S.K.: 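Quick one: the structure is below, questions incoming.
These numbers were taken from a predicted model, which means no experiment stands behind them.
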Amino acid sequence: MNIYDFVDNDLIKENEMMSKHTSFKTGGVCRYMIMADSADSIIDTLRYCKQTDMAFIVIGCGSNLLISDKGFDGVVIQIADKMSDCFVLSEDDEFVIIRAYAGCRLSKLAMMAAKYSCTGMEALSGIPGSVGGGVRMNAGAYDGQIADVLISSQYIDINTLEIKTKSCDEHLFNYRYSTYQDESNIILSADFKVRKVRDSESVYGKMKELNKRRADKQPLEYPSAGSTFRRPQGYYAGALIEESGLKGFSCGGACVSEKHAGFIINKNNATSKDIYDLITYVRKKVMEDSGVVLETEVEIIGQFE
């Protein structure tokens with residue numbers, strides 16, 4: 001059974017290097033990559049995977065992924081450029097409702113809100129991820145998060161291959177969590193409600209201020225996946241790592257950022273294994289020193305041992 005019999009051939013890439021599609025700039029070859037351009041192309045791919053028992057993963061812009069140097073022996077469905085639009089669904093004197101496809105970058109969504117003089121998305125403007133991943137992990141920064149503005153999301157039910165809708169309450173949002181993390185359903189789009197303000201310049205001003213704070217404090221000049229670890233309850237991961245004396249500590253080409261210890265960066269042509277080994281060592285050292293278990297915010301895919 002051939003994938004070319006199921007999916008538009010123009011959307012298929014064979015033996016694609018995942019390092020081209022992750023913000024760490026690492027990762028080996030996948031067997032097939034589908035550059036999804038619609039819900040139908042995703043459903044066609046899922047039918048193939050079901051009938052052949054082929055493993056699959058779904059990615060957006062790859063900003064929160066560590067994929068093994070050994071690659072992924074299956075199908076990677078990328079929801080990015082071809083499903084990256086956002087547009088206004090409705091507008092009144094007080095609110096604007098925006099629909100964004102899963103591949104839409106959060107920065108683009110935030111700019112759409114600002115264009116309509118709406119507040120609520122300024123904190124999302126500097127997050128280097130897409131709407132699908134943002135909804136899945138309740139992305140946020142500087143006291144703003146997806147849960148604050150989401151109305152609902154639309155998804156493909158992995159069992160029935162039907163398109164369904166999940167209300168905001170059904171996501172059971174928590175810190176960096178939604179119910180999508182406990183299921184394999186695939187987010188297609190999401191609807192957001194943002195409030196109008198009189199002074200649009202205040203919205204742009206806040207975005208500029210937050211993005212400057214990000215640039216001042218985070219190592220944006222190096223490939224990374226953003227914050228490597230979740231914030232432990234009652235602590236800050238970066239502070240714990242710094243207290244363990246690990247700022248600047250390296251494994252191969254991977255390094256704990258000297259600018260912000262919560263970031264592991266690809267400083268010098270790191271491999272995924274370098275990054276994985278450094279994550280493992282940091283977790284072990286912090287546990288020994290402070291008794292705190294660091295959980296990764298980065299999603300780790302593939303074999304590393």
Side-chain angles (χ1 to χ4, degrees), residues 11-37 41-42 45 55-85 100-109 124-139 141 146 176 178 180-181 184 186-190 214 218-230 253-254 257 263-267 269-276 278-279 296-304:
L11 305 178
I12 303 172
K13 293 185 177 183
E14 288 194 53
N15 301 318
E16 182 75 357
M17 284 296 297
M18 294 304 300
S19 58
K20 298 179 182 178
H21 302 276
T22 64
S23 59
F24 265 132
K25 305 301 182 187
T26 65
V29 171
C30 67
R31 187 185 298 191
Y32 298 113
M33 176 171 280
I34 308 301
M35 311 301 291
D37 64 350
S41 64
I42 299 171
T45 304
F56 72 90
I57 57 172
V58 181
I59 69 170
C61 52
S63 62
N64 203 43
L65 294 175
L66 178 63
I67 296 179
S68 168
D69 301 309
K70 299 175 183 177
F72 182 73
D73 188 22
V75 178
V76 176
I77 302 171
Q78 184 173 45
I79 305 175
D81 294 345
K82 294 183 179 181
M83 295 180 70
S84 62
D85 289 338
Y101 291 109
C104 177
R105 288 189 176 265
L106 292 170
S107 56
K108 182 177 179 179
L109 175 62
L124 303 179
S125 65
I127 297 175
S130 57
V131 166
V135 171
R136 185 176 185 273
M137 66 173 293
N138 189 22
I146 287 285
R176 301 297 175 266
S178 81
Y180 281 113
Q181 294 180 28
S184 299
I186 299 173
I187 301 168
L188 293 173
S189 61
R214 185 184 298 273
Q218 298 179 7
L220 304 183
E221 65 273 26
Y222 291 104
S224 77
S227 297
T228 307
F229 302 99
R230 294 173 182 264
S257 169
F263 284 63
I264 287 178
I265 57 175
N266 180 348
K267 190 172 183 179
N269 297 316
T271 64
S272 290
K273 186 65 162 57
D274 291 341
I275 298 166
Y276 179 85
L278 184 52
I279 289 172
T296 56
E297 191 167 301
V298 175
E299 187 171 354
I300 299 172
I301 295 172
Q303 297 180 347
F304 288 85

S.K.: Between Ile79 and Ile186, is the side chain to side chain contact (heavy atoms under 4.5 Å, CB included) condition met? List the steps.
M.R.: CA-CA 10 Å; Ile79 305 175; Ile186 299 173; 3.8 Å; yes

S.K.: To the nearest 0.5 Å, what is the distance between OG1 (Thr271) and CG (Asn266)?
M.R.: 8.5 Å

S.K.: For Tyr276, give me all partners under ring pair (Phe, Tyr, Trp, His ring centres under 6.0 Å), at least two apart in sequence or on another chain.
M.R.: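 If we apply the ring pair (Phe, Tyr, Trp, His ring centres under 6.0 Å) test to Tyr276, skipping adjacent residues, the hits are Phe304.
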
S.K.: Got a donor-acceptor contact below 3.5 angstrom from the Arg176 side chain to the Arg230 backbone?
M.R.: no

S.K.: Suppose we screen for side chain to side chain donor-acceptor pair (under 3.5 Å). Which residues come up paired with Ser189, at least two apart in sequence or across chains?
M.R.: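 Ser189 satisfies side chain to side chain donor-acceptor pair (under 3.5 Å) with Gln154 once adjacent residues are dropped.
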
S.K.: Could you pull out all residues at least two apart from Glu297 that satisfy side chain to side chain donor-acceptor pair (under 3.5 Å)?
M.R.: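 With neighbours one apart ignored, the set is empty.
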
S.K.: To the nearest 0.5 Å, what is the distance between CD (Gln78) and CD (Glu16)?
M.R.: 8.5 Å

S.K.: Hey, could you give me the CG/CG distance between Leu11 and Asp37, rounded to the nearest 0.5 Å?
M.R.: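 So the CG of Leu11 and the CG of Asp37 are separated by 4.5 Å.
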
S.K.: So, for Gly253 and Asp274, which heavy atoms are closest and what is the spacing to 0.1 Å?
M.R.: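 Minimum heavy-atom separation between Gly253 and Asp274: N-OD2, 3.2 Å.
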
S.K.: Please table the atom pairs, donor to acceptor, closer than 3.5 Å between any side-chain atom in residues 24-35 and protein atoms at least two apart or in another chain.
M.R.:
unit_1: Thr26; atom_1: OG1; unit_2: Ser272; atom_2: OG; d: 2.8
unit_1: Arg31; atom_1: NE; unit_2: Asp73; atom_2: OD1; d: 2.9
unit_1: Arg31; atom_1: NH2; unit_2: Asp73; atom_2: OD1; d: 2.7
unit_1: Arg31; atom_1: NH2; unit_2: Asp73; atom_2: OD2; d: 3.2

S.K.: Considering all heavy atoms of both residues, which atom of Leu106 and which atom of Ala139 are nearest to each other, and what is their separation?
M.R.: CD1-CB, 4.3 Å

S.K.: Going by the rule ring pair (Phe, Tyr, Trp, His ring centres under 6.0 Å), which residues pair with Tyr222 if we only count those two or more places apart in sequence or in a different chain?
M.R.: none

S.K.: Check whether any side-chain heavy atom of His21 lies under 4.5 Å from a side-chain heavy atom of Val76, and answer yes or no.
M.R.: no

S.K.: Quick one, Ile42 and Leu188 - any side-chain contact, counting heavy atoms below 4.5 Å?
M.R.: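 When only atoms from C-beta onward are counted, Leu188 and Ile42 do touch, with a gap below 4.5 Å.
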
S.K.: State which residues pass side-chain contact (heavy atoms from CB on, under 4.5 Å) with Ala141; sequence neighbours excluded, sorted by chain then number.
M.R.: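 For Ala141 the side-chain contact (heavy atoms from CB on, under 4.5 Å) partners, ignoring immediate neighbours, are Ile127, Arg214.
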
S.K.: Which heavy atom of Ser130 sits nearest to which heavy atom of Gly60, and what is that distance?
M.R.: OG-CA, 3.9 Å

S.K.: Start with the C-alpha distance between Ile187 and Tyr180, add both sets of side-chain angles, then the distance that settles side chain to side chain contact (heavy atoms under 4.5 Å, CB included), and finish with yes or no.
M.R.: CA-CA 8 Å; Ile187 301 168; Tyr180 281 113; 3.6 Å; yes

S.K.: Rounded to the nearest 0.5 Å, what separation is found between the OH atom of Tyr101 and the CE atom of Met83?
M.R.: 7.5 Å

S.K.: Taking the side chain as every heavy atom from C-beta outward, state whether Met18 and Ile301 have any atom pair closer than 4.5 Å.
M.R.: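 They are not in contact (no side-chain heavy atoms under 4.5 Å apart), so the answer is no.
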
S.K.: State the CD1-CE distance between Ile67 and Met17, to the nearest 0.5 angstrom.
M.R.: 10.5 Å

S.K.: Kindly check if the number of other-residue, nucleotide or ligand heavy atoms within 6.0 Å of CG (Asp81) is above 12?
M.R.: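 At most 12 heavy atoms, drawn from other residues, nucleotides or ligands, come within 6.0 Å of this atom.
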
S.K.: Please assess Ile77 against Ile57 for the test side chain to side chain contact (heavy atoms under 4.5 Å, CB included), listing each intermediate value before the final yes or no.
M.R.: CA-CA 6 Å; Ile77 302 171; Ile57 57 172; over 6 Å; no

S.K.: Rounded to the nearest 0.5 Å, how far apart are OG of Ser227 and CG of Asn64?
M.R.: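 Answer rounded to 0.5 Å: 9.0 Å.
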
S.K.: If you compare all heavy atoms of Cys61 against all heavy atoms of Pro128, which two are closest, and at what distance to 0.1 Å?
M.R.: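 Minimum heavy-atom contact is SG-O, 3.9 Å.
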
S.K.: If you define the side chain from C-beta out and look only at heavy atoms, does anything of Thr22 sit under 4.5 Å from Ile59?
M.R.: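 A side-chain contact is absent here, since even the closest heavy-atom pair is not under 4.5 Å.
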
S.K.: If I compare all heavy atoms of Ser23 with all of Ala225, which pair ends up nearest, and what's the gap?
M.R.: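 Taking every non-hydrogen atom into account, OG-CA, 3.7 Å.
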
S.K.: Here's a test for you: under side-chain contact (heavy atoms from CB on, under 4.5 Å), which of Thr296, Leu278, Val298 qualifies with Ile264?
M.R.: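 For Ile264, the side-chain contact (heavy atoms from CB on, under 4.5 Å) check succeeds only for Leu278.
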
S.K.: Where do Ser178 and Val135 come nearest, in terms of heavy atoms and distance?
M.R.: OG-O, 3.4 Å

